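Heads up, the thing below is written out as structure tokens.
All residue numbers refer to positions in the sequence shown, counting from 1. Atoms considered below: every heavy atom in the structure, side chains included; atoms not considered: hydrogens, waters and symmetry mates. Order of listing sets the numbers, starting from 1, for every ligand and every atom in it. Keep in mind the model is a prediction, meaning the values are calculated, not measured.
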Amino acid sequence: MSFVNYDQDGAVAVITINREKALNALNSQVLDDLDTTLNNVDTDVVRCLIITGAGPKSFVAGADIGEMSALTKEEAEFFGRKGNAVFRKIETFPIPVIAAVNGFALGGGCELSMACDIRIAADNALFGQPEVGLGITPGFGGTQRLARLIPVGLAKQMVYATTNIDANQAKACGLVNDVYPQEELMPAAKKLAGKIAKNAPIAVRHCKQAINEGLDLNMDKAIDLEAKLFGGCFESGDQKEGMDAFLNKRKHEPFQNK
Ligand code: DAK
């Protein structure tokens with residue numbers, strides 16, 4: 001049995017962390033299942049992924065505290081590396097990934113959402129990094145990605161004081177793009193994913209790479225990276241079709257990913 005469901009509908013696929021009884025907490029098996037699921041995504045066909053949690057209450061309530069409680073230093077390091085490798089796989093996944101945050105996004109759950117390109121939330125979402133209350137530091141990127149996504153003082157308060165923020169506060173500080181009533185979250189996520197999937201896939205992938213890698217570079221290097229990725233779109237069928245359609249005042253044909 002897998003703790004991760006995968007549902008593909010054309011160019012959009014939904015990954016659901018499915019361990020509802022434990023509020024979708026991430027144990028080793030969930031991380032392994034997530035890794036395997038990601039490895040099996042057919043990125044020739046799928047153009048946008050959505051990650052969400054099973055049930056109405058929780059996206060992911062963190063790493064599994066029961067499993068972590070008994071770890072030795074070496075095992076904890078291994079567990080941390082496993083989680084970080086999966087989260088990094090999501091962050092660098094060739095196609096965009098949307099987190100549809102449907103409730104608790106605590107600890108590893110907040111961190112999972114931050115590894116995604118875009119976060120949207122249901123109005124019951126709650127974001128936080130409660131780790132220091134458990135005697136540990138955030139270990140799946142929480143000290144790094146949070147401070148890059150929201151004002152650093154607020155990130156520090158969330159991490160040092162374990163202050164949680166609700167969906168509206170998350171929107172106000174830019175952690176999520178939009179907030180929806182619970183029942184509207186997945187339709188909204190699919191609509192957004194569909195919009196992304198309709199655009200030229202090679203160009204979208206290159207944009208993801210340019211933005212993510214560019215953020216770690218100085219502006220001269222970042223612009224150089226952008227130029228390379230811009231050039232990389234040319235001579236593709238989709239570039240020719242997109243521009244030809246504009247010049248001839250017609251709607252472009254569906255992009256072909258080539
Ligand atoms: N782990 C394991 N089980 C969890 C869980 C978690 N994080 N969160 C909830 N559950 C389980 C509960 O134990 C309970 O199980 P049963 O008792 O029914 O068997 C079930 O889910 C329902 O939870 P509650 O009964 O507590 O539900 P409530 O609505 O009353 O409360 C809650 C919901 C989300 C407020 C509460 O469950 C809660 O506070 N959960 C823990 C949240 C949390 O502290 N999350 C952060 C976990 S620490 C690192 C790598 C990774 C990490 C750190 C370091 N390194 C390598 C350095 C990551 C750390 C974390 O994510």
Legend entry - Contacting atoms of ligand 1, where contact means under 4.0 angstrom from a heavy atom of A22: 4 (C), 9 (C), 10 (N), 11 (C), 21 (O)
Legend entry - Qualifying salt bridge (charged side-chain N to carboxylate O under 4.0 Å, His left out) pairs with a residue from residues 142-168, counting only residues at least two apart or across chains: E91-R145
Inset, instruction - Classify the contact between I136 and ligand 1 as side chain, backbone, both or neither, using a heavy-atom distance cut-off of under 4.0 Å. - result: side chain
Inset, instruction - Looking only at protein heavy atoms, identify the closest one to atom 44 (O) of ligand 1 and say how far it is in Å. - result: P130 CG, 3.4 Å
Legend entry - Heavy-atom proximity to atom 23 (O) of ligand 1, best of T137, L23, L106, V60: L23
Inset, instruction - Of all the heavy-atom pairs spanning A121 and V176, show the shortest one and how long it is. - result: CB-CG1, 4.0 Å
Inset, instruction - Distance to 0.1 Å, residue and atom name: give those for the protein heavy atom nearest to atom 47 (C) of ligand 1. - result: A63 O, 3.6 Å
Inset, instruction - Go through ligand 1 atom by atom and flag the ones less than 4.0 Å from a non-hydrogen atom of D64. - result: 1 (N), 2 (C)
Legend entry - ligand 1 versus R81: contacting region, heavy-atom distance under 4.0 Å: neither
Inset, instruction - Mind checking salt bridge (charged side-chain N to carboxylate O under 4.0 Å, His left out) for D64 and listing every partner two or more places apart, or none if nothing turns up? - result: R19
Inset, instruction - Report the C-alpha distance between R250 and E241 in whole Å, list the side-chain angles of each, state the deciding distance to 0.1 Å, and finish with yes or no for salt bridge (Lys or Arg N to Asp or Glu O under 4.0 Å). - result: CA-CA 10 Å; R250 63 176 175 83; E241 169 59 15; 2.7 Å; yes
Legend entry - Short side-chain to backbone donor-acceptor contact, E77 and E74, under 3.5 Å: no
Inset, instruction - Check ligand 1 against G80 and write out every atom of the ligand that is under 4.0 Å from a heavy-atom position of the residue. - result: 56 (C)
Legend entry - atom 14 (C) of ligand 1 - nearest protein heavy atom and its distance: K21 O, 4.4 Å
Inset, instruction - Between G62, A76, G107, A61, flag the one that comes closest to atom 43 (C) of ligand 1 by a heavy atom. - result: A61
Inset, instruction - Looking only at protein heavy atoms, identify the closest one to atom 49 (C) of ligand 1 and say how far it is in Å. - result: G139 CA, 3.1 Å
Inset, instruction - Identify, for atom 2 (C) of ligand 1, the protein heavy atom at the shortest distance, and state residue, atom and that distance. - result: I65 N, 3.5 Å
Inset, instruction - Note the single closest protein heavy atom to atom 5 (C) of ligand 1, along with its residue, its atom name and the distance in Å. - result: A25 CB, 4.0 Å
Inset, instruction - Identify, for atom 29 (O) of ligand 1, the protein heavy atom at the shortest distance, and state residue, atom and that distance. - result: K57 NZ, 2.7 Å
Inset, instruction - Specify the protein heavy atom at minimum distance from atom 48 (S) of ligand 1: its residue, its atom name, and the distance to 0.1 Å. - result: L134 CD1, 3.5 Å
Legend entry - Heavy-atom pair of closest approach, residues D117 and I95: OD2-O, 4.2 Å
Inset, instruction - Indicate, as side chain, backbone, both or neither, the part of M68 found under 4.0 angstrom from ligand 1 when only non-hydrogen atoms are considered. - result: side chain
